[in-house]
Structure formats: C-alpha cells, structure tokens
Amino acid sequence: VQLQASGGGLVQAGGSLRLSCRPSRGLISSYRMAWYRQAPGEQREEVASISSGGDTNYADSVKCRFTISRDNAKSMVYLQMNSLSPEDTAVYFCVRRGARDYWGKGTQVTVSS
C-alpha cells in the first residue's frame with residue numbers, strides 16, 4: 001500500500017495550504033491516520049493524527065493552526081494548515097497506522113518569510 005500525498009508547495013508566511021492523502025489501494029476507514037513531517041537536519045515528528053472514529057491529536061506546535069480530517073467514503077485524509085510560518089517548512093508524510101504502518105513518499109512544504 002502506498003500513501004499518495006499531495007498539496008505541498010511554496011507559500012508565504014501567514015498563508016495556508018491543504019494537504020491531501022489517499023492510499024494506492026484499499027480503504028482507510030478502519031485505521032488511524034497521521035501526518036508526520038521532517039525538516040532538514042531534524043527528526044521526523046508527528047504533526048497530527050485522527051482515529052477511525054474521528055478523534056484527533058495535534059503536536060503542540062501546530063494546535064489551533066492545523067486541522068486533520070478524513071473522508072472515509074473517499075478514502076481521503078486531509079491536513080489544513082493555516083498561519084504557516086517558516087518553521088513549518090518540511091517534507092510532510094501521510095501514514096496509515098496499524099499492525100504495520102504504511103508511509104507515503106511525502107510532499108514538500110516550504111514557507112518563505
């Protein structure tokens with residue numbers, strides 16, 4: 001299973017982006033889904049996650065700015081990112097959590113000051 005993330009790009013500080021993710025095959029409805037990010041020279045960190053029932057968790061650094069959501073009927077997961085800052089610059093990865101985690105290739109988000 002490949003997770004295909006899209007929606008990254010270059011945005012100015014204060015701007016917004018919406019990331020999308022879908023699996024290459026299969027469904028997501030039974031799985032916890034998450035977004036991770038990795039900045040150059042930094043460890044990968046979990047940004048947000050959402051349970052199959054819709055419960056969400058966020059890293060402190062993105063609370064009140066980022067929103068994770070899912071559409072199980074479309075097997076899509078989204079990350080709405082508002083009030084972006086240069087510190088949010090990273091490659092963002094979509095992950096399907098389970099007995100085995102499946103990761104996507106990531107999408108680059110660059111925030112200019």
Side-chain angles (χ1 to χ4, degrees):
V1 177
Q2 294 289 328
L3 280 300
Q4 300 167 337
S6 61
L10 174 64
V11 64
Q12 289 188 330
S16 299
L17 282 174
R18 187 194 195 203
L19 305 184
S20 300
C21 172
R22 67 180 300 169
S24 59
R25 59 180 174 88
L27 302 175
I28 65 166
S29 56
S30 299
Y31 298 93
R32 187 172 196 89
M33 302 296 297
W35 287 96
Y36 280 69
R37 68 184 180 187
Q38 187 167 23
E42 302 289 334
Q43 289 190 331
R44 196 170 289 184
E45 66 168 340
E46 183 175 300
V47 173
S49 67
I50 184 167
S51 71
S52 58
D55 295 328
T56 58
N57 286 302
Y58 296 94
D60 288 343
S61 58
V62 306
K63 278 181 182 176
C64 300
R65 298 189 300 123
F66 289 12
T67 302
I68 188 171
S69 61
R70 64 193 297 156
D71 185 336
N72 289 334
K74 296 180 180 179
S75 287
M76 295 290 292
V77 180
Y78 306 99
L79 185 68
Q80 178 66 44
M81 307 186 294
N82 300 326
S83 301
L84 285 162
S85 71
E87 289 71 33
D88 296 314
T89 294
V91 178
Y92 285 71
F93 301 88
C94 177
V95 183
R96 194 187 83 175
R97 308 301 301 273
R100 173 184 172 180
D101 291 347
Y102 287 91
W103 289 71
K105 290 185 177 180
T107 184
Q108 175 70 47
V109 172
T110 303
V111 185
S112 63
S113 58

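As the structure is a prediction and not an experimental result, all values here were calculated from the model. Position 1 is the first residue of the sequence, and the numbers go up from there.
- Note on residues 100-113: pairs passing salt bridge (charged side-chain N to carboxylate O under 4.0 Å, His left out), not counting sequence neighbours, are Arg97-Asp101.
- Under the 4.5 Å side-chain contact rule for hydrophobic residues, Met33 and Phe93 do not share a cluster.
- Remark: Asp55 engages no residue in a side-chain hydrogen bond (donor to acceptor under 3.5 Å, both in side chains) (not counting sequence neighbours).
- Aromatic ring centres of Tyr36 and Trp103 lie closer together than 6.0 Å.
- In this structure Val111 satisfies the side-chain contact (heavy atoms from CB on, under 4.5 Å) test together with Val11, Ala13, Leu84, Pro86, Asp88, Thr89, Val109, sequence neighbours excluded.
- Listed by first then second residue, pairs satisfying ring pair (Phe, Tyr, Trp, His ring centres under 6.0 Å) with a partner in residues 13-33 number zero, not counting sequence neighbours.
- Met76 contributes atom CE, which lies 9.0 Å from atom SG of Cys94 (distance to the nearest 0.5 angstrom).
- Scanning all heavy atoms of the two residues, the minimum distance from Gly7 to Thr107 falls at N-OG1, 4.2 Å.
- The salt bridge (charged side-chain N to carboxylate O under 4.0 Å, His left out) pairs that include a residue from residues 13-34 number zero, where partners must be two or more places apart or lie in different chains.
- With sequence neighbours left out, the salt bridge (charged side-chain N to carboxylate O under 4.0 Å, His left out) criterion links Glu45 to Arg37.
- Residues satisfying the side-chain contact (heavy atoms from CB on, under 4.5 Å) criterion with Tyr58, sequence neighbours excluded, are Ala48, Thr56, Val62, Lys63, Thr67, Ile68.
- Contacts of Gln4 classified as side-chain hydrogen bond (donor to acceptor under 3.5 Å, both in side chains), with partners at least two apart in sequence or in another chain: none.
- Listed by chain and number, the residues in a side-chain contact (heavy atoms from CB on, under 4.5 Å) with Ser6 are Ser20 (sequence neighbours excluded).
- Thr110 is linked by a side-chain hydrogen bond (donor to acceptor under 3.5 Å, both in side chains) to Gln108, counting only residues two or more places apart in sequence or in another chain.
- Nearest heavy-atom pair across Gln80 and Ser16 is NE2-CB, 3.9 Å.
- A donor-acceptor pair under 3.5 Å links the side-chain atoms of Asp71 to the main chain of Lys74, judged by distance alone.
- Using modelled atom types, no side-chain atom of Ser49 and backbone atom of Ala34 make a donor-acceptor pair closer than 3.5 Å.
- One finds the CD atom of Glu42 at 11.0 Å from the CD atom of Glu87 (value rounded to the nearest 0.5 Å).
- Note: Cys21 SG to Leu79 CG = 10.5 Å, rounded to the nearest 0.5 Å.
- Under the side-chain hydrogen bond (donor to acceptor under 3.5 Å, both in side chains) criterion, Asn57 pairs with no residue, sequence neighbours left out.
- Smallest separation of non-hydrogen atoms from Val91 and Gly106: CG1-CA, 3.8 Å.
- Checked against side-chain contact (heavy atoms from CB on, under 4.5 Å), Ser69 has the following partners two or more places apart in sequence or in another chain: Tyr78.
- Looking only at side-chain heavy atoms (C-beta outward), Val77 and Ile28 come within less than 4.5 Å of each other.
- With contacts defined as side-chain heavy-atom distances shorter than 4.5 Å, the pair Tyr102/Val95 does not qualify.
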- In sequence, state the C-alpha distance, the side-chain angles, and the governing distance for Met81 and Tyr92, and then conclude on side-chain contact (heavy atoms from CB on, under 4.5 Å). CA-CA 11 Å; Met81 307 186 294; Tyr92 285 71; 3.8 Å; yes
